[in-house]
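Right, one structure below, let's go through it.
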Amino acid sequence: MREDIDWAARRLEAASRVVCLTGAGVSAESGVPTFRDAQTGLWSRFDAEELASPEGFERDPGLVWRWYMWRLDQLKAAAPNPGHFALAQLAGLCERFLLVTQNVDSLHEQAGSGEVLHLHGSLLHFRCNSCAAPHHLTGEQRRAESPPACGLCGDLVRPDVVWFGESLPWDVVEEAADAAQGCDAMLVIGTSGLVYPAAQLPLIAKRAGAAVIDVNPEPGPISSIADLFLQGKSGEILPALAGSVADRRANA
Ligand code: BJW
Ligand code: ZN
């Protein structure tokens, strides 16, 4: 593992542009369950993929609302872990570093990462399901059994996230894809690599000749195309990686 981390550190240090794609696994050690973890407690009999869809919201807006409010409560109790902090440190050590996340939490920003591209929106923001007007929740609305109505058009308020079958913010996707095309190294952290178009980014980088480095406790579609698979938890591997890059910089 030490040699693999040194190899990755050399690639990051030599790169003039690094892109990092993160998924739910980077927040797992903060106590935020990953998307495809079996749901626990009250939610164990529901399918996350069904809840995170326009069809699920149409079928039962109250159920979807309560799920998101439950997740928001979990998130409010969470803090960034050493993996988030190491990525913020790496941004300062690499020549150009772009962080692209699929996560709807704000733990990267809380850890000090400056520019973060959010592909799937934010669990902390809300908007109208029809006219997209932003909505600030009151405490009472957060505790309610069903979503509030939009003050402008009367339709329901929803979390400002991207559900299955919905378009991602295309300016963000375009910026991420351009960066993937132009980078020398891509770090892929804690994602199952199952959801598109995010899962396309490592393939774009690979085809463009970048070194793809996957960090995950489990092998998956990304590790099978990666130049290096660092098997383990991001909260353990990323601090070692950032430390190795920092040492190389200090001794250069
Ligand atoms: C650790 C760890 C530790 C654990 N350390 N790691 C091309 C081909 C096939 C299908 C499509 C395609 N293009 C589009 C589609 C359809 C669809 C799609 O991809 N479907 C697939 C499931 C097949 N995509 C879409 O619909 C997207 N829209 C779109 O493309 O629009 C145009 C279009 C529309 C219709 C048709 C065609 C095109 C929208 C996708 C939106 C995804 N939204 C969600 C929900 C967000 C809100 C919410 O959170 O509620 O985003 S789904 C969910 O998955 C969430 C995540 O961001 C995303 C990715 O999950 P992630 O982050 O990888 O988490 P997990 O749980 O899957 O994995 C965790 C990983 O962590 C695991 O690998 C663990 O091992 C690891 N781990 N502990 C490091 N300590
Ligand atoms: Zn509205």
Side-chain angles (χ1 to χ4, degrees), residues 21-39 43 46-57 64-65 67-72 74-75 81-84 86-87 100-105 107 117-135 147-170 172-173 187-203 214-224 229-239 241:
L21 172 68
T22 63
V26 76
S27 297
E29 289 155 86
S30 294
V32 181
T34 66
F35 197 80
R36 284 167 187 79
D37 266 349
Q39 299 211 82
W43 296 100
F46 296 100
D47 177 0
E49 291 205 10
E50 261 182 59
L51 293 169
S53 71
E55 296 78 17
F57 189 62
V64 173
W65 184 254
W67 184 56
Y68 276 99
M69 293 305 107
W70 173 72
R71 289 176 58 199
L72 189 57
Q74 278 185 330
L75 197 56
N81 67 57
H84 295 107
L87 289 177
V100 181
T101 189
Q102 300 168 80
N103 297 347
V104 295
D105 60 43
L107 294 174
L117 295 187
H118 282 267
L119 293 173
H120 295 159
S122 167
L123 184 47
L124 305 175
H125 297 112
F126 296 84
R127 65 173 165 85
C128 173
N129 195 35
S130 286
C131 74
H135 185 91
C150 169
L152 293 179
C153 77
D155 198 0
L156 296 178
V157 167
R158 56 168 280 180
D160 193 6
V161 298
V162 182
W163 284 331
F164 281 111
E166 293 185 325
S167 293
L168 283 78
W170 281 110
V172 175
V173 176
L187 277 173
V188 186
I189 318 289
T191 179
S192 56
L194 296 174
V195 175
Y196 286 81
Q200 195 69 32
L201 295 172
L203 301 173
D214 186 31
V215 178
N216 201 306
E218 304 295 336
I222 309 289
S223 63
S224 67
F229 175 41
L230 294 171
Q231 186 161 21
K233 295 179 174 181
S234 50
E236 294 166 5
I237 289 179
L238 292 176
L241 182 57

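One-based numbering along the sequence shown. Whatever order the structure lists ligands and atoms in, that order sets their numbers, starting from 1. As the structure is a computational prediction, the values presented were derived from the model and not from experiment.
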Protein non-hydrogen atoms only, distance under 4.0 Å: does atom 56 (C) of ligand 1 have such a neighbour? yes

Quick check on atom 47 (C) of ligand 1 - does any protein heavy atom sit closer than 4.0 Å to it? yes

Do any nitrogen or oxygen atoms of Asn216 lie less than 3.5 angstrom from nitrogen or oxygen atoms of ligand 1? yes

Got a protein heavy atom sitting under 4.0 Å from atom 33 (C) of ligand 1? no

Do Asn129 side-chain atoms and Val157 backbone N/O form a donor-acceptor pair below 3.5 Å? no

Pairs of nitrogen or oxygen atoms closer than 3.5 Å, one from Glu166 and one from ligand 1: do any exist? yes

Nitrogen or oxygen of Asp37 less than 3.5 angstrom from that of ligand 1: no

Close side-chain approach of Leu75 to Val104, heavy-atom, < 4.5 Å: no

Ligand 1 atoms in contact with Val161 (distance to a heavy atom under 4.0 Å): 47 (C)

Angle subtended at the Zn ion (ligand 2) by Cys150 SG and Cys153 SG, to the nearest 10 degrees, is 110°

Do His120 and Val161 have side chains that approach each other closer than 4.5 Å (heavy atoms only, starting at C-beta)? no

Taking C-beta and beyond as the side chain, do Pro219 and Gln231 meet within less than 4.5 Å on heavy atoms? yes

Glu29 side chain to Asn81 backbone, donor-acceptor under 3.5 Å: no

Would you say ligand 1 has an N or O under 3.5 Å from any N or O of Arg36? yes

Is the backbone of Ser30 close enough, under 3.5 Å, to the side chain of Ser27 for a donor and an acceptor to pair up by distance? no

Do ligand 1 and Gly23 have nitrogen or oxygen atoms that lie under 3.5 Å from each other? no

With the side chain counted from C-beta on, respond yes when Gln200 and Val173 share a heavy-atom pair under 4.5 Å apart, and no when they do not. no

For atom 16 (C) of ligand 1, state whether the nearest protein heavy atom is under 4.0 Å away. no

Side chain, backbone, both or neither: the part of Thr34 lying under 4.0 Å from ligand 1 by heavy atom: both

Using a strict 4.0 Å cut-off to heavy atoms of Lys233, name the atoms of ligand 1 that fall inside it. 5 (N), 80 (N)

Region of Gln102 engaging ligand 1 - heavy atom pairs below 4.0 Å: both

Asn216 side-chain N/O to Thr191 backbone N/O, donor-acceptor pair under 3.5 Å: yes

Ligand 1 N/O within reach of Tyr196 N/O, cut-off under 3.5 Å: yes

Of all the non-hydrogen atoms in the protein, which one sits nearest to atom 23 (C) of ligand 1, and at what distance? Leu194 O, 3.8 Å

Is the closest N or O pair between Pro217 and ligand 1 shorter than 3.5 Å? no

Could you check whether any side-chain N or O of Asp214 sits under 3.5 Å from a backbone N or O of Phe229, counting only pairs where one atom can act as donor and the other as acceptor? no

Tell me which protein heavy atom sits closest to atom 80 (N) of ligand 1, plus the residue, atom name and distance to 0.1 Å. Glu29 OE2, 2.8 Å

Which heavy atom of His135 sits nearest to which heavy atom of Pro148, and what is that distance? NE2-CG, 3.9 Å

Inspect the contact between Arg158 and Glu166 and indicate whether a charged nitrogen and a carboxylate oxygen are less than 4.0 angstrom apart. yes

Is there at least one pair of N or O atoms, one from Asn103 and one from ligand 1, spaced under 3.5 Å apart? no

When you compare the side chain of Pro197 with that of Leu168, does any pair of heavy atoms fall below 4.5 Å? yes

Mind checking whether Phe164 has an N or O less than 3.5 Å away from an N or O of ligand 1? no

Under-4.0 Å heavy-atom contact with ligand 1, by part of Ser234 that carries it: both

What is the closest protein heavy atom to atom 70 (C) of ligand 1, and at what distance does it sit? Gly190 O, 3.5 Å

To check your reading of the model: name the closest protein heavy atom to atom 41 (C) of ligand 1, its residue, and the distance in Å. Val162 O, 3.4 Å

Applying a 4.0 Å heavy-atom criterion (strictly less than), which segment of Leu168 is in contact with ligand 1: side chain, backbone, both, or neither? side chain

If you scan protein heavy atoms around atom 63 (O) of ligand 1, the nearest is Thr191 OG1, 2.6 Å

Mark the output for Glu49 as yes if a heavy-atom distance to ligand 1 is under 4.0 Å, and as no if none is. no

Indicate whether atom 10 (C) of ligand 1 is within a distance of less than 4.0 angstrom of some protein heavy atom. no

Do Ala24 and ligand 1 have an N or O pair less than 3.5 Å apart? yes

To the nearest 0.1 Å, how far is atom 40 (C) of ligand 1 from its closest protein heavy atom, and which atom is that? Val195 CG1, 3.7 Å

Quick one: look up the protein heavy atom nearest atom 49 (O) of ligand 1 and list residue, atom name and how far away it is. Arg71 NH2, 2.7 Å

Of all protein heavy atoms, the one nearest atom 3 (C) of ligand 1 is Gly25 O, 3.3 Å

Would you mind telling me if ligand 1 is within reach of the side chain of Trp163, the backbone, both or neither, using heavy atoms under 4.0 Å? backbone

Residue-ligand contact Gly220/ligand 1, heavy atom below 4.0 Å: no

Side-chain contact, heavy-atom cut-off 4.5 Å: Pro33 with Gln74? yes

